[in-house]
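All chains are named by letter (A, B, ...) in the order of the sequence lines, taking the proteins before the strands, and each is independently numbered beginning at 1.
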There are 4 protein chains.
Amino acid sequence: MVAVMHSHPQHRDVQNTRPGRPRSAAADRAILAATRTALVELGWSKLTMSDVATRAGVAKTTLYRRWAGKSELVVDAVAVLFDELELPDLGSLPADLEAMVLRLAALLDRPETRTSMMAVVAEATRDEALRRRIRSAIVDRQKVLVLEGRARAQERGELPYEKDPETAAHDADLIFDVIAGAVVHRTLVSAEPVDPAWAHRFTRLLIGGLASLTQRDPHQAP
Amino acid sequence: MVAVMHSHPQHRDVQNTRPGRPRSAAADRAILAATRTALVELGWSKLTMSDVATRAGVAKTTLYRRWAGKSELVVDAVAVLFDELELPDLGSLPADLEAMVLRLAALLDRPETRTSMMAVVAEATRDEALRRRIRSAIVDRQKVLVLEGRARAQERGELPYEKDPETAAHDADLIFDVIAGAVVHRTLVSAEPVDPAWAHRFTRLLIGGLASLTQRDPHQAP
Amino acid sequence: MVAVMHSHPQHRDVQNTRPGRPRSAAADRAILAATRTALVELGWSKLTMSDVATRAGVAKTTLYRRWAGKSELVVDAVAVLFDELELPDLGSLPADLEAMVLRLAALLDRPETRTSMMAVVAEATRDEALRRRIRSAIVDRQKVLVLEGRARAQERGELPYEKDPETAAHDADLIFDVIAGAVVHRTLVSAEPVDPAWAHRFTRLLIGGLASLTQRDPHQAP
Amino acid sequence: MVAVMHSHPQHRDVQNTRPGRPRSAAADRAILAATRTALVELGWSKLTMSDVATRAGVAKTTLYRRWAGKSELVVDAVAVLFDELELPDLGSLPADLEAMVLRLAALLDRPETRTSMMAVVAEATRDEALRRRIRSAIVDRQKVLVLEGRARAQERGELPYEKDPETAAHDADLIFDVIAGAVVHRTLVSAEPVDPAWAHRFTRLLIGGLASLTQRDPHQAP
DNA sequence: CCCTAAACGAGACGGTACGTCCAGTCTTCAC
DNA sequence: GTGAAGACTGGACGTACCGTCTCGTTTAGGG
C-alpha cells in the first residue's frame, strides 16, 4: 500500500534528490502499527493523535507532517489489512463465493477493522477527500475481487458473457454492494456472526439471484 | 418512540407520586429536535452537547440528567425518523420490495440519518448498552417490516409457507441483512445513488434468489 | 445569639399568631451546627450550601428562606463562638490582659474560627451589609471587653480617668485594634503560636505603651 | 519579585537548554496585570480564572500550566505591590515608624490589596503550601523592614543593642505582628481609616512600649 | 569534511469541549 | 403556608486534546 501523504511533494525525482534529512520510514511503520494497537484498545472516538505519537515514540509534529488528521491516519492504518483479501479458487463459483464471504467476515471481525470501518465511513459522509481516500485504499481493492470472480466463472462456463459493457459494470457494482453490504450489516449492525451456515444460505440466495438476473426481464416487454 | 432514559426509574408507579419537580416533557422535545438540526448542520463529530443545549434553550445539566452522552442522545433523536418507514401495498411482492428499497434509500439520504447512522453504529462496536439501544430503537423497527412483507406475500401465494420455524426466522434475518446491507452500502460506502434502475435490478436479484432458497438445496443429499 | 434573619418578619406578635406551619427551631440549630462542622472539615471555599443542607437533614430551600447566602450563614454560625469570651478578673491589669490574650488566641486557634474569620472579613471588603453584620455579631462583642477592662483598671487605680471623652473613645479603639490585630496577625498570618511567653512580652509592651500614652505628648508644644 | 512557579524546574542549567518551546514572559506579565485589574473590578470571590485568561489574551490552559489555582495566582499578582514598601529615613525612630505605618495603610487601602489579602490568608489556613508562598512572597518582605528599622535606630542610639540574639529575634517578630496586625485590623476589620492622628497615637504607644520592653522585667527575679 | 536544509523531539501556545459541581430559583406533593 | 424533594437555568471549574508554533538537535546527502 502506498498512500499519498500529506504535504508530500506529489512526485519526486526518480532519484530522490530532495535536500535535507529524509523522512524516517521506520517512523511510518511505527505510527501505523501504533494506530492499529490504539484502535483495538481504545476505539475510534477515544483514540487521540497524542496517544498514537507517544505509543510510536514519535513527536506529535511528525504525525501532522504526514497525515492531515485522525481520519486519514486511520484509513491508511486499516487499509493494509485489506491487502490480505484474496480470491480463493476452489473450482466452482458457489464454493469460491462462500469462501470469500467467510474471509471478508473474518476480516471484519478483527477488532481494529470493526472499530474503525464504520467510524471512518461516518466521517466520510461529510468529507469528499476522505471518501476518495477510502475508496482507493479499501473499497476498490475489494471491488476488483468481484470482477476477477466473475471473469473466472465465465471462463468456467458458470456465467454467460454479458454483451453490454455498461450493464456488466452496473451488475458488478450491484453484486459488490450486495455481498459487502450483507456481510458488513450482519457483522456490525445486526451484530451476529457470519458462520458457515449463514454463508451457505447467503451464497445460495445470491447464486440463484444471479441466474435470474441474466434472464430476460419478465417485467419488460419482449 | 419510547426511549429508556438515563437514570430514569424504569417503571414509575401508575400514579406518578415521585417527590420533587417533575421533568419537563417540552425540554425533551426541544432537545431531540435541536439534536437533529445540529446533526444536519455540523455532522456527528462536530456536534457538541453544549451546542445542542444552547439550541434547545436548555442547560447542559439537563441534557446529562437524561442522556449519558452524545451517542445515546443521537440514537434517540434519530430513531424517530425510522417511524415513518412503512410497508407499501402495491399488490405484488416485487413491486412492494422495490418501493420499500426506495423508501429506505430516501431515508438514508437525509443528512441527519446518513451522518449519524454509521457513527452511532461505530460507537456501538465498543459499547454493549449502546448496541442494545440501537437494536431496539432502530434495527428491530425495520426487521418487522421484513416479516410483514413475507406474511403478505404468503397470503398472496407468492411465497410458500416455511414449515420449520427456525429456518423461517433465520431466512428473515438473512433477507433483512441483504436488503438493509445493500442499500446502506450503496448509499454510504459506495456513495452512489439508489435510483429506480438500481432498485429494479436489485429487486430482480433478490426475488430470484428467494425462489431458489425455497427449493431443495442442490448441494445437500436427496 | 439571635441574628436578624433573612426575610423574617422583623417583629412577630407577642403571641406567635402567624398563619401556616411555624418554622422549626430545631432546624435552625441543626443548620448552624452543620455549618460549623462543615467549616472544620472543608474550609470556607469548599463549603457549599447543598452540603450544609444535607448534613442538617434539611432542604436547600429552607436554608435560603433564612439566610441570603453563604457569608451570612457562616457569620451567624461562628458568632456564637465569641459569646464565650469573658474578661477574667485576676486582680491586676497585666494579669487580666495576659489572660485575655491567651483566651482570644485559643479561640482563634479553633479550626472553625480560624478558617472562617478571615474569609468572612474578606467577603466583607466588598459588602457593606455583611460588614455591619460582622461588626454587630463579632467585633463589637470584643470591643466592650476593652471598655470593661479599662473601667476595672481605673477603679483599681491602675489607669487614670481620661478627661476628654473623645480621646477616651479613640484610645479604646486603638487599643482594641492593637490587641486583636496582634493576636490575629500572629495566629493567622505569621502562623506561629501565641504561647504564654509571647503573651507575656506582648503584655509588657502594651502596658508600657499605655503608660506613655497617658503622659503629655512630648512631640507637642510646651 | 521572584515567584516560584507551578511545576517549574526550580533551577535550570545556567544555559537554558530545556527542550521545547520556552514559556512566554510576556504572557506572565499580561496575566499578573490582568489579575490585578480583575481583582479591583470584581473582588476575590467573583474573580474567575476564565475571566483573567480572557483579559490577558491568553488561554486558560496557560494559566493552569503556571499556577495551581486562584489563590496562588493572586498571591503572585499582589506580592509585587509590596515591593514598593520601603523604610523612610526621617532622622528619628518615631518619625520613621509613623511614616511606615502610613505607607502600609495606604497600600492596604488600595482595592486590589484589601480585597485579596484577607481572602488569600483565609485560604491559607487550610493549605500549608499556600502559607509558605504567602510568607516568602509577602510577609518576609515586610519583616525585613522591621529589622532594618531597628538596626538604624540602634545606630542612632535610640535603641540599645540586645545581647541575646534569640530575644532579639523574638522581639522583632513581636513588633512586626503588632505593627502589621494593628494596621491590618484597623483597616480591614474595624474598617476605619488610618489617618495621621491614629498613626501618631499608635507610634507613641509603640515607642513607649518598646522602651519598657528593654527594661528589666519587673515580674521576673533580679 | 563540512554545509545545508529538512526532519526530529519536546513542549508551550490559543482554543474548544468536556463532564461535574454549585448557586439560586421554581414546581410539585405532603403535612 | 411550611417543608422536603428534586428539576431547572446558568456559569465556573479543572482536564484533555486539538492543531500550530517555536525552539534546539540530529541526520543525511552534495559540494
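Mapping A:Arg21 and D:Lys70 onto DNA chain F by nearest heavy atom places D:Lys70 closer to the 5' end of the strand. Checking B:Gly69 against D:Gly20, the closest nucleotide of DNA chain E that is more toward the 5' end is the one next to D:Gly20.
Regarding A:Asp51, its CG atom lies at a distance of 13 Å from the P atom of F:dA16, rounded to whole Å. For the pair A:Leu63 CG and E:dC8 C1', the interatomic distance rounds to 13 Å; values are reported in whole Å. B:Glu72 places its CD atom 13 Å from the C1' atom of E:dG19, with the value rounded to the nearest Å. The separation between A:Arg66 atom CZ and E:dG9 atom C1' is 13 Å, rounded to whole Å. Atom-to-atom, CG of A:Asp28 to P of E:dA7 comes out at 12 Å; the value is rounded to the nearest Å. What separates OH of A:Tyr64 from C1' of E:dA6 is a distance of 21 Å, to the nearest Å.
Remark: A:Ala30 engages A:Ala56 in a side chain to side chain contact (heavy atoms under 4.5 Å, CB included) (not counting sequence neighbours). Take C:Glu112 and apply the side chain to side chain contact (heavy atoms under 4.5 Å, CB included) test, not counting sequence neighbours, and it matches C:Val40, C:Leu81, C:Arg110. For B:Glu72, the salt bridge (Lys or Arg N to Asp or Glu O under 4.0 Å) test picks out no residue, with sequence neighbours left out. The side chain to side chain contact (heavy atoms under 4.5 Å, CB included) test applied to D:Thr54 returns no partner, not counting sequence neighbours. Residues passing the salt bridge (Lys or Arg N to Asp or Glu O under 4.0 Å) test with D:Arg126: none are found, sequence neighbours excluded. For A:Ser45, the side chain to side chain donor-acceptor pair (under 3.5 Å) criterion is met by B:Glu123, not counting sequence neighbours.
With E:dC13, E:dG19, E:dC8 as the choices, the nucleotide that has an atom nearest any side-chain atom of D:Ala27 turns out to be E:dC13.
Checking the phosphate oxygens (OP1, OP2) of F:dG3, a side-chain nitrogen or oxygen of C:Arg65 falls inside 4.0 Å.
Annotation: side chain to side chain donor-acceptor pair (under 3.5 Å) contacts involving residues 35-44 of chain C, sequence neighbours excluded, comprise C:Glu41-C:Arg55.
Of all non-hydrogen atoms in A:Asp51 and A:Ala38, the two that sit nearest each other are OD2-CB, 4.1 Å.
Taken residue by residue, residues 41-50 of chain B places heavy atoms nearer than 4.0 Å to DNA chain E at B:Thr48, B:Met49, B:Ser50. DNA chain E is contacted by B:Lys60, B:Thr61 of residues 55-62 of chain B, taking any non-hydrogen atom closer than 4.0 Å.
The CG atom of B:Leu73 sits 6.0 Å away from atom CG of B:Leu63, with the distance rounded to the nearest 0.5 Å.
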